[in-house]
Amino acid sequence: MSTLQPVRGTRDILPDEMRRHRVVIDTARALAEQYGYLEMSTPVFEFTEVFKRSLGDTSDVVTKEMYTFSMKESEELTLRPEATAGIARAFISGGLAQQLPLKYFYCGPMFRHERPQKGRQRQFHQIDVELLGVAEPLGDVEVIAIGAHVLDALGVLEKTALELNTLGDPESRRAYRAALVEYFQDHRAQLSADSLDRLDRNPLRILDSKNEGDRRVIADAPLFGDYLNQESRDFFDTVKAGLEVLDIPYQLNPRLVRGLDYYTHTAFEFTTRELGAQGAVLAGGRYDGLIETIGGPSTPGIGWAAGVERLSMLLGRAPVAPRPVVVVPVGGGAEEAALTLTQRLRQAGLSIELGFSGNLKKRMKRADRLNARAAVILGEDELARNSATVRDLDTGEQELVSLDVLSDRLARFG
RNA sequence: GUGGCUGUAGCUCAGUUGGUUAGAGCGCCUGGUUGUGGUCCAGGAGGCCGUGGGUUCAAAUCCCAUCAGCCACCCCA
């Protein structure tokens, strides 16, 4: 192939694939709006500090996956690896704490320097829903409900399963974390190198390990359920009850964890088995501590992100390109008339193609390749009668139509 | 970041133990029609065999490196 390859982990999105992306994004945006979540946008890059503080200095994303660059000695910038940090930052910079609760929808490209795989690229796209300023478990239920609704509207809900867990409030977490660290310290010898590393940085993550030795140790590890205080237990019960009321099935997964301290209570993931190792398709949770952590007023929050590429891979049939009507001039004398006719029909709201060159045969062939619905043939004969020949390209039937009523006549091909 | 598999026309692939001008299907172009597409028929264009080195009289075929994709780990959307 050419040496002009796209950068590793990036790709061009041509119209066929773009159409799939748009189905995902447009569906999610419309549904989110229906729930009152309004679209907003933040810059693709931020001061590196924004991500370090919000994702945590020890997270994998921050320690080895960020695209960081500096412009001046004082300006360390990073291409965003996810959306929530920027939204939280915008919340603080904009003084938006005055207007709670806030409901946002977001979509755009994200950047992570990971080893590419199917369903995992270095530039990828996410849709994102955030609810700020709601501490009640009903907020969790609504946010998860939007996720389920989006997946259902895309026709992929039955290809996924909702996994649910709670991380409790900070008090419960601290107690559990301490118990976990103590337990794993006693079993250091049986843990994998990866997990030993996690023991310092991110002990909850060990629960998620797929390593066999780790799994044996994990089997007897303390359970989060035993360390949840009453408030946390009640909170989780209310979330579960809400999901049951809405008929959203879920499976409890005590191994579903988030490593960082500002995550609280609900954690959830819609996963699929159709994308190999990249199973998480739409995932999120509650982050009551986040905004305070990066320097704002203590504000509860919950949200999710979903991978546009992953969702579009799950989509069954690709949406077809819109079918235009093609205007075909015959002979040089008809070109001008065709040009004005084309523009007039477009202004009437029709999708019209006018080829730039070629004889009748070539133009008809091109119409066919465009999957055109009809051809409007304009030659000397037609012009003499102030008419055009309209050919239905599906049935092959054609008739002479006066130019005066042409746009009405073509409306049925719209 | 670690380990493994793969890389031949626009696409999907074939290419025998290294041996003359590298093949197929689909797609594309031209013609069979002077004002009519899809089907059919005939013809045609298009490959530095991912890239760079090496072994050999001889490399798409063997070796090394490199780039990219894929799979698992990891991470997550």
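Here is how names work: the chains are called A, B, and so on, in the same order as the sequence lines, proteins then strands, and each is numbered from 1.
Look at the P atom in both B:U66 and B:C5: the space between them is 15 Å, to the nearest Å. Spacing between B:A58 and B:U21 at atom C1', rounded to whole Å, works out to 16 Å. Nucleotides B:U30 and B:G54 have their C1' atoms positioned 45 Å apart, rounded to a whole Å. A gap of 8 Å separates the P atoms of B:G50 and B:G7, to the nearest Å. Across the P atoms, B:C41 and B:A60 are found 35 Å apart, a figure rounded to whole Å. Separation of the C1' atoms belonging to B:U17 and B:C62 is 12 Å when rounded to the nearest angstrom. Between the C1' atoms of B:U6 and B:C49, the separation comes to 14 Å (whole Å). Nucleotides B:A65 and B:C74 have their P atoms positioned 27 Å apart, rounded to a whole Å.
If you check B:C71, B:G38, B:C75 against the side chain of A:Arg391, the one that comes closest is B:G38. Distance from the side chain of A:Arg112 is smallest to B:A77 among B:U36, B:G69, B:A77. Listed nucleotides: B:G69, B:C71, B:U36. Nearest to the side chain of A:Gln398: B:U36. The side chain of A:Leu393 approaches B:G37 more closely than any other nucleotide in the set B:C76, B:C70, B:G37. The side chain of A:Arg120 lies closest to B:C73, out of B:C73, B:G32, B:G35. If you check B:C75, B:G35, B:C76 against the side chain of A:Ile377, the one that comes closest is B:G35. Nearest to the side chain of A:Gln126, among B:A77, B:U36, B:A68, sits B:A77.
Rounded to an integer number of Å, the gap from A:Phe268 CZ to B:C76 P is 16 Å. Going from atom CD of A:Glu380 over to atom P of B:U34 covers 17 Å, rounded to whole Å. What separates CZ of A:Phe111 from C1' of B:A77 is a distance of 14 Å, to the nearest Å. If you measure from atom CZ of A:Arg385 to atom C1' of B:G35, you get 13 Å, rounded to the nearest angstrom. Rounded to an integer number of Å, the gap from CG of A:Asn211 to P of B:U2 is 19 Å. The CG atom of A:Asp214 sits 14 Å away from the P atom of B:C73 (whole-angstrom rounding). Rounded to whole Å, the distance from CG on A:Leu207 to P on B:C76 is 13 Å. Put simply, CG on A:Leu256 is 11 Å from P on B:A77, counting in whole angstrom units.
Using a 4.0 Å heavy-atom cutoff across all strands shown, A:Ala277 reaches at least one base atom of the nucleic acid. Within the nucleic acid shown, A:Arg366 has no heavy atom closer than 4.0 Å to any nucleic acid atom. Within 4.0 Å of A:Asp197, counting heavy atoms only, lies no atom of the nucleic acid at all. Note on A:Leu282: only backbone sugar-phosphate atoms sit closer than 4.0 angstrom, heavy atoms only; bases stay farther off. Backbone-only engagement by A:Gly9 is indicated by non-hydrogen atom pairs under 4.0 Å involving sugar-phosphate atoms exclusively. Across all strands shown, A:Arg369 has heavy atoms under 4.0 Å from sugar-phosphate atoms exclusively, and none from any base. Among the atoms of the strands shown, none is found under 4.0 Å from any heavy atom of A:Glu269. Counting non-hydrogen atoms under 4.0 angstrom, A:Asp128 reaches nothing in the nucleic acid. Here A:Gly331 lies out of heavy-atom contact (under 4.0 Å) with every strand. Across all strands shown, A:Gln278 has heavy atoms under 4.0 Å from base atoms, whether or not it also approaches the sugar-phosphate.
With hydrogens and angles ignored, the 3.5 Å screen pairs no side-chain donor or acceptor of A:Arg286 with any backbone N or O of A:His265. Not a single donor-acceptor pair under 3.5 Å links the side chain of A:Asn253 to the backbone N or O of A:Glu163. The backbone N or O of A:Pro109 lies less than 3.5 Å from a partner atom in the side chain of A:Arg80, making a donor-acceptor pair. Looking at A:Thr272, its side chain does come within 3.5 Å of a backbone N or O of A:Lys159 through a donor-acceptor pair.
Contact check, A:Arg205 against B:C76: a side-chain N or O comes under 4.0 Å of OP1 or OP2. Remark: A:Arg8 is in phosphate contact with B:G69, judged by side-chain N or O atoms under 4.0 Å from OP1 or OP2. Phosphate contact (OP1/OP2 of B:U36, side-chain N/O of A:Lys365, threshold under 4.0 Å): absent. Here A:Lys362 reaches the OP1 or OP2 of B:U30: one of its side-chain N or O atoms lies under 4.0 Å away. One finds a side-chain N or O of A:Arg198 lying less than 4.0 angstrom from the OP1 or OP2 phosphate oxygen of B:C75. The phosphate of B:C73 (OP1 or OP2) has a side-chain N or O of A:Lys210 nearer than 4.0 angstrom. Side-chain nitrogen and oxygen atoms of A:Gln117 include at least one within less than 4.0 Å of the OP1 or OP2 phosphate oxygen of B:A72.
A donor-acceptor contact closer than 3.5 angstrom is absent between the side chains of A:Gln121 and A:Thr10. Side-chain N/O atoms of A:Tyr176 and A:Glu171 include no donor and acceptor closer than 3.5 Å. Side-chain polar atoms of A:Ser387 and A:Glu382 form no donor-acceptor pair below 3.5 angstrom. Between the side chains of A:Thr264 and A:Asp169, no donor N or O sits under 3.5 Å from an acceptor N or O. In this structure, a donor-acceptor pair under 3.5 Å is present between the side chains of A:Ser93 and A:Arg89.
A salt bridge links A:Lys103 with A:Glu142; the closest basic N to acidic carboxylate O contact falls under 4.0 Å.
Nucleotide B:G19: paired with B:C57 (Watson-Crick or G-U wobble, both distances less than 3.5 Å). Nucleotide B:A24 is matched to B:U12 when pairs are restricted to Watson-Crick or G-U wobble geometry with both distances under 3.5 angstrom. For B:U2, the paired nucleotide is B:A72, the pair qualifying as Watson-Crick or G-U wobble because both relevant distances are below 3.5 Å. Using N1 to N3 plus N6-O4 or O6-N4 for Watson-Crick, or N1-O2 and O6-N3 for G-U wobble, each under 3.5 Å, B:G43 pairs with B:C29.
Residue-to-nucleotide contacts include a donor-acceptor pair under 3.5 Å from the side chain of A:Arg115 to the base of B:G3. In this model, no side-chain donor or acceptor of A:Glu65 finds a partner on the base of B:G1 within 3.5 Å. The base of B:G38 has none of its N or O atoms less than 3.5 Å from a complementary donor or acceptor on the side chain of A:Asp368.
Nearer the 5' end of RNA chain B, as judged by each residue's closest nucleotide, is the contact made by A:Glu397, out of A:Ser209 and A:Glu397. Toward the 5′ end of RNA chain B lies the nearest nucleotide of A:His113, the other residue of the pair A:Val308 and A:His113 mapping further downstream.
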